[in-house]
Amino acid sequence: MPELPEVEVVRRGLERWVAHRAVAGVEVLHPRAVRRHTAGADDFAHRLKGHRVGVARRRGKYLWLPLEDSGQAVLAHLGMSGQLLVRPHEAPDEKHLRIRVRFADTLTSAAGAAGGTELRFVDQRTFGGLSLHDTSEDGLPDVIAHIARDPLDPLFDDEAFHQALRRKRTTVKRALLDQSLISGVGNIYADEALWRSRLHYDRPTAGFTRPRTLELLGHVRDVMNAALAVGGTSFDSLYVNVNGESGYFDRSLDAYGREGLPCKRCGTPMRRRPWMNRSSYFCPKCQRVPRASS
DNA sequence: CAAGGCTCCTGATAGC
DNA sequence: TGCTATCAGGAGCCTT
């Protein structure tokens with residue numbers, strides 16, 4: 001499942017392979033893939049055509065391609081299974097190909113290494129999608145104004161995050177997944193950061209001390225940077241990579257998916273608990289359940 | 001208004 | 001063998 005590190009790998013691929021290319025045509029093969037574009041698939045395709053895309057940007061799990069000199073951007077979210085692939089245009093369609101973007105340079109010979117490729121949005125479970133939006137002065141698409149900066153953003157405000165935790169009547173994993181407080185963290189990296197911090201997922205945040213918040217943030221950043229480092233090495237020149245469905249970082253996971261396996265710190269069998277229509281993995285010894293309190 | 005829960009979707013897998 | 005149930009889960013939206 002693509003979380004911040006996976007999306008950043010995709011962003012780097014887009015920066016390398018599609019920046020400054022002009023859109024020649026767009027094919028929407030599944031309407032659900034553009035459901036956030038309320039004017040519909042035809043409008044999406046027509047309005048994209050002819051624009052040159054800029055350098056891909058990212059906030060949390062969202063990424064977007066600015067359209068040069070237009071004040072607009074193509075916003076992308078990969079959902080659970082979305083992929084943005086740069087593929088030779090003659091390559092056979094993927095089974096779950098939803099959107100195809102052709103570039104003008106494939107029609108000429110001036111494209112160099114980028115020639116002959118197109119951008120494909122492939123998504124099995126269709127939770128992801130593309131859409132076109134106006135951008136604000138800082139380039140942010142207007143529909144994601146409510147998404148907080150992510151922990152790898154130099155302008156992320158640690159102190160404001162701490163104060164938000166203190167203020168809220170919530171628990172720590174809910175807070176980590178709340179994209180309006182901190183973006184880019186999903187179920188996997190939440191469990192990993194909590195394990196590293198020795199925190200139980202249901203611990204209330206109201207009593208967090210500043211050192212506790214800062215330690216948690218440190219672990220969030222560490223685990224994301226570690227995943228990012230591995231993702232970088234698996235980068236393939238013809239893909240805007242990240243097969244979102246797990247893979248390269250699996251070997252490095254300390255908590256997620258390790259039910260019944262020994263805790264890598266203390267050897268106690270790890271547990272899985274149903275939580276918010278998903279699962280939480282934790283060590284029952286290292287990550288004690290907080291005492292019930294008001 | 002904040003917090004929690006529901007729902008969209010497809011395919012792999014388990015169980016009978 | 002072939003069916004049904006379960007699980008994976010991001011985030012908008014609805015309810016409490």
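Residue numbering restarts at 1 for every chain, and letters A, B, ... go by the order of the sequence lines.
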**Request:** Let me know the distance between CG of Asp123(A) and P of dC8(B), rounded to the nearest Å.
**Result:** 17 Å
**Request:** Nearest whole angstrom, please: distance from the C1' of dA3(B) to the CE of Met276(A).
**Result:** 10 Å
**Item:** Phosphate contact (dA8(C) OP1 or OP2) by Arg272(A) side-chain N/O below 4.0 Å
**Value:** yes
**Prompt:** By side-chain contact (heavy atoms from CB on, under 4.5 Å), which residues pair with Ser180(A), not counting sequence neighbours?
**Reply:** Asp178(A)
**Request:** Grab the CG-C1' distance between Leu75(A) and dG12(C) for me, whole Å please.
**Result:** 13 Å
**Request:** Mind checking Arg35(A) for me? I need base, sugar-phosphate or nothing, with any heavy atom below 4.0 Å counting as a touch.
**Result:** nothing
**Request:** Name the orientation class of the two ring planes belonging to Tyr256(A) and Tyr281(A) (parallel below 30°, tilted from 30 to 60°, perpendicular beyond 60°).
**Result:** perpendicular
**Asked** Of all heavy-atom pairs between Leu177(A) and Ala190(A), which one has the smallest distance, and what is that distance?
**Response** CD2-CB, 4.0 Å
**Asked** When you measure from every atom of DNA chain B, which of residues 165-177 of chain A have a heavy atom less than 4.0 Å away?
**Response** Lys168(A), Arg169(A), Thr170(A), Arg174(A)
**Message:** Give me each pair satisfying salt bridge (Lys or Arg N to Asp or Glu O under 4.0 Å) with a member in residues 269-279 of chain A, each pair once, sequence neighbours excluded.
**Reply:** Glu259(A)-Arg272(A)
**Asked** Of the non-hydrogen atoms in His219(A) and Arg196(A), which two are nearest, and what is the gap between them?
**Response** NE2-O, 3.3 Å
**Request:** Taking atom types as modelled, find out whether Lys173(A) and Ser280(A) have a side-chain donor-acceptor pair closer than 3.5 angstrom.
**Result:** yes
**Asked** Which salt bridge (Lys or Arg N to Asp or Glu O under 4.0 Å) pairs, counting each pair once, include a residue from residues 51-64 of chain A, with sequence neighbours left out?
**Response** Glu8(A)-Arg58(A), Arg52(A)-Glu68(A), Arg58(A)-Asp150(A)
Give every donor-acceptor pair under 3.5 Å between a side-chain atom in residues 126-133 of chain A and any protein atom, sequence neighbours left out.
from      : atom 1 : to        : atom 2 : distance (Å)
Thr126(A) : OG1    : Arg32(A)  : NE     : 2.8
Ser131(A) : OG     : His133(A) : NE2    : 2.6

**Prompt:** Atom CH2 of Trp275(A) to atom P of dA8(C): distance rounded to whole Å?
**Reply:** 13 Å
**Asked** With a 4.0 Å cut-off on heavy atoms, is Asn187(A) in touch with a base, just the backbone sugar-phosphate, or nothing at all?
**Response** sugar-phosphate
Polar atom pairs (N or O), protein with nucleotides 9-12 of chain B, under 3.5 Å:
from    : atom 1 : to        : atom 2 : distance (Å)
dG11(B) : OP1    : His96(A)  : NE2    : 3.2
dG11(B) : O4'    : Gln124(A) : OE1    : 3.2

**Prompt:** In whole angstroms, how far is the C1' atom of dG10(C) from the CG atom of Asp150(A)?
**Reply:** 16 Å
**Whole angstrom value for the distance that separates C1' of dT7(B) from CG of Asn277(A)** = 9 Å
**Prompt:** Do Val230(A) and Ile188(A) share a hydrophobic cluster, counting only Ile, Leu, Val, Met, Phe, Trp and Tyr and linking them when any side-chain heavy atoms are less than 4.5 Å apart?
**Reply:** yes
**Message:** Taking only side-chain N and O atoms of Tyr62(A), does any of them lie within less than 4.0 angstrom of OP1 or OP2 on dG12(C)?
**Reply:** yes
